[in-house]
Asker: 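A single structure is presented below for examination.
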Amino acid sequence: MKEFNTLYLIVDENIAVITINRPKYLNALNSEVLIELSEAVDLIDKDPTIRAVILTGAGEKAFVAGADISEMKSKDVLEAREFSSLGNKIFSKLEKLRMPVIAAVNGFALGGGCELAMACDLRIAGNKAKFGQPEVGLGIMPGFGGSQRLARLVGNGIAKEILYTGAMIGAERAYEIGLVNRVVDSTVVLEEAKKMAQAIAAKSPIGISFSKKAVNEGTNMDLEHGLSLEVELFGSLFYTKDQKEGMSAFLEKRPATFQGK
Ligand code: DAK
């Protein structure tokens, strides 16, 4: 696989792990990280063997402590829009990957880091993880989709509290409000994310990718249209080998082997 300056991409047994690697700066997102993240997502998208992705940050202190403030400070209005639009495009690309993406969050997930975790399908947090959108303390607001994804995940009231106060919340509170799926000991975050990725990788890639599409696209529709989307997706699964294999395996009392076809 391609070598990057600011991240690692490792693919092993159908699972890709992207590790953002700027631990000295708490893995803050500068333009180079964003561009390389986009390239890594493109490579993953083109690899038909990959069934789940884990996104994490190097070191024990941070997942990602936000957009890089030292790079952002000197931006003019046009550059700030460009930066925001670059981030938004990449986060959306990540969100639309056909396979699930799990954020393995150890330490700080702040600002753009919290937004990056929210662009993933699932979040596993270490018990020492801290989440927050501290942008208002910097005289800005979230620029990588935070105001939108946070409100959709936890509801307007709690999202507004997090956005307006800029205060950090711990992993347990993040679990309570539905911002993370699970909290585990901080020493086993990646291990637990891998276990979840393996469980996903054993199931039908098409069934999973259609479920992802149904949730992601259906959430932006009214119920009637969302249900119609589900009907369409459900029906088209009956063209696939995965559906035939899954149902035959059940009736023959053997484990299914899915090809994603
Ligand atoms: N950017 C750049 N450097 C950072 C950083 C960041 N976000 N976070 C930490 N660092 C650097 C620190 O400057 C320090 O560098 P040196 O001084 O050693 O050179 C090093 O990482 C270690 O950090 P600390 O020494 O501060 O470590 P502490 O344990 O004392 O504190 C902390 C950890 C996470 C509480 C603290 O570092 C902190 O508060 N960091 C900033 C967190 C933050 O405010 N994040 C949100 C960033 S704003 C938009 C596009 C995007 C966004 C907004 C708009 N548009 C263009 C519209 C997104 C914005 C953000 O994400």
Asker: Group every Ile, Leu, Val, Met, Phe, Trp and Tyr by side-chain heavy-atom contacts under 4.5 Å, then state whether Ile140 and Phe144 land in the same group.
Answerer: yes
Asker: Who passes salt bridge (charged side-chain N to carboxylate O under 4.0 Å, His left out) against Glu245, sequence neighbours left out?
Answerer: Arg254
Asker: How close do Ala52 and Ile200 get, counting heavy atoms only, and between which atoms?
Answerer: CB-CG2, 4.3 Å
Asker: So, using salt bridge (charged side-chain N to carboxylate O under 4.0 Å, His left out) as the criterion, who are the partners of Glu36 when residues are at least two apart?
Answerer: none
Asker: Tell me the closest heavy-atom pair linking Ala256 and Gly246, and the distance in Å.
Answerer: CB-CA, 4.2 Å
Asker: Considering all heavy atoms of both residues, which atom of Ile90 and which atom of Ser38 are nearest to each other, and what is their separation?
Answerer: CG1-CB, 3.7 Å
Asker: State whether the side chain of Arg51 and the backbone N or O of Pro205 hold a donor-acceptor pair below 3.5 Å, judged by distance alone.
Answerer: no
Asker: Taking distance alone, no hydrogens or angles, what donor-acceptor pairs closer than 3.5 Å link side-chain atoms of residues 146-153 to residues at least two apart or in another chain?
Answerer:
{"unit_1": "Gln148", "atom_1": "OE1", "unit_2": "Arg152", "atom_2": "NH1", "d": "3.3"}
{"unit_1": "Arg149", "atom_1": "NE", "unit_2": "Glu95", "atom_2": "OE1", "d": "3.4"}
{"unit_1": "Arg149", "atom_1": "NE", "unit_2": "Glu95", "atom_2": "OE2", "d": "2.8"}
{"unit_1": "Arg149", "atom_1": "NH2", "unit_2": "Glu95", "atom_2": "OE1", "d": "2.9"}
{"unit_1": "Arg152", "atom_1": "NH1", "unit_2": "Gln148", "atom_2": "O", "d": "3.4"}

Asker: Would you find more than 12 non-hydrogen atoms of other residues, nucleotides or ligands less than 6.0 Å from Glu3 atom CD?
Answerer: no
Asker: Please tabulate, for side-chain N and O atoms in residues 158-168, each donor-acceptor pair with protein atoms closer than 3.5 Å (sequence neighbours left out).
Answerer:
{"unit_1": "Thr165", "atom_1": "OG1", "unit_2": "Glu161", "atom_2": "O", "d": "2.8"}
{"unit_1": "Thr165", "atom_1": "OG1", "unit_2": "Ala167", "atom_2": "N", "d": "3.1"}

Asker: Check the surroundings of atom NZ in Lys241: do more than 12 heavy atoms from other residues, nucleotides or ligands lie under 6.0 Å from it?
Answerer: no
Asker: Give a yes or no on whether the backbone of Leu179 and the side-chain of Arg123 come within a donor-acceptor separation of less than 3.5 Å.
Answerer: yes
Asker: Taking only residues at least two apart or on different chains, which pairs with a member in residues 197-212 satisfy salt bridge (charged side-chain N to carboxylate O under 4.0 Å, His left out)?
Answerer: Asp121-Lys212
Asker: Under 6.0 Å from the CD atom of Glu60, do we count more than 12 heavy atoms belonging to anything else shown?
Answerer: no
Asker: Mind checking what makes side chain to side chain contact (heavy atoms under 4.5 Å, CB included) contact with Ser186, not counting sequence neighbours?
Answerer: Asn106, Asn127, Lys128
Asker: How would you list, by chain and number, every residue that makes a side chain to side chain donor-acceptor pair (under 3.5 Å) with Thr49, sequence neighbours excluded?
Answerer: Asp47
Asker: Are Asn21 and Phe4 close enough that some pair of their side-chain heavy atoms sits under 4.5 Å apart?
Answerer: no
Asker: Quick one: salt bridge (charged side-chain N to carboxylate O under 4.0 Å, His left out) pairs with a partner in residues 12-22, sequence neighbours left out?
Answerer: Arg22-Asp68
Asker: Is it the case that more than 12 heavy atoms not belonging to Lys2 sit under 6.0 Å from its NZ atom?
Answerer: yes
Asker: Quick check: does any side chain N or O of Thr56 sit under 3.5 Å from a backbone N or O of Ala104, one acting as donor and the other as acceptor?
Answerer: yes
Asker: For Arg173, which residues count as a salt bridge (charged side-chain N to carboxylate O under 4.0 Å, His left out) partner, sequence neighbours excluded?
Answerer: Glu176
Asker: May I ask you to say whether Glu192 pairs ionically with Lys195, meaning some side-chain N is under 4.0 Å from a carboxylate O?
Answerer: yes
Asker: Between the side chain of Glu71 and the main-chain N/O of Ser31, is any donor-acceptor distance below 3.5 Å?
Answerer: yes
Asker: May I ask you to decide if Ala65's main-chain N or O and Asn27's side chain share a donor-acceptor pair within less than 3.5 Å?
Answerer: no
Asker: If we ignore hydrogens and angles and just use 3.5 Å, is the side chain of Ser84 paired with the main-chain N or O of Ala80 as donor and acceptor?
Answerer: no
Asker: Keeping Asp45 on the side-chain end and Leu97 on the backbone end, is there a donor-acceptor pair under 3.5 Å?
Answerer: no
Asker: Should Ile44 and Ile18 count as side-chain neighbours, where that means a heavy-atom distance under 4.5 Å?
Answerer: yes
Asker: Going by ring-ring contact (aromatic ring centres under 6.0 Å, His included), name the residues that satisfy it together with Phe131, two or more places apart in sequence or in a different chain.
Answerer: none
Asker: Can you tell me if NZ on Lys261 sees more than 12 non-hydrogen neighbours from other groups inside 6.0 Å?
Answerer: no
Asker: Could you work out the complete set of other residues in the hydrophobic cluster of Leu227, with links drawn between I, L, V, M, F, W and Y side chains under 4.5 Å apart?
Answerer: Leu223
Asker: Tell me the salt bridge (charged side-chain N to carboxylate O under 4.0 Å, His left out) pairs involving residues 85-94, sequence neighbours left out?
Answerer: Asp42-Lys93
Asker: Are the side chain of Ser228 and the backbone of Glu224 linked by a donor-acceptor contact shorter than 3.5 Å?
Answerer: yes
Asker: Does Glu232 use its side chain to pair, donor to acceptor, with the backbone of Leu229 at less than 3.5 Å?
Answerer: no
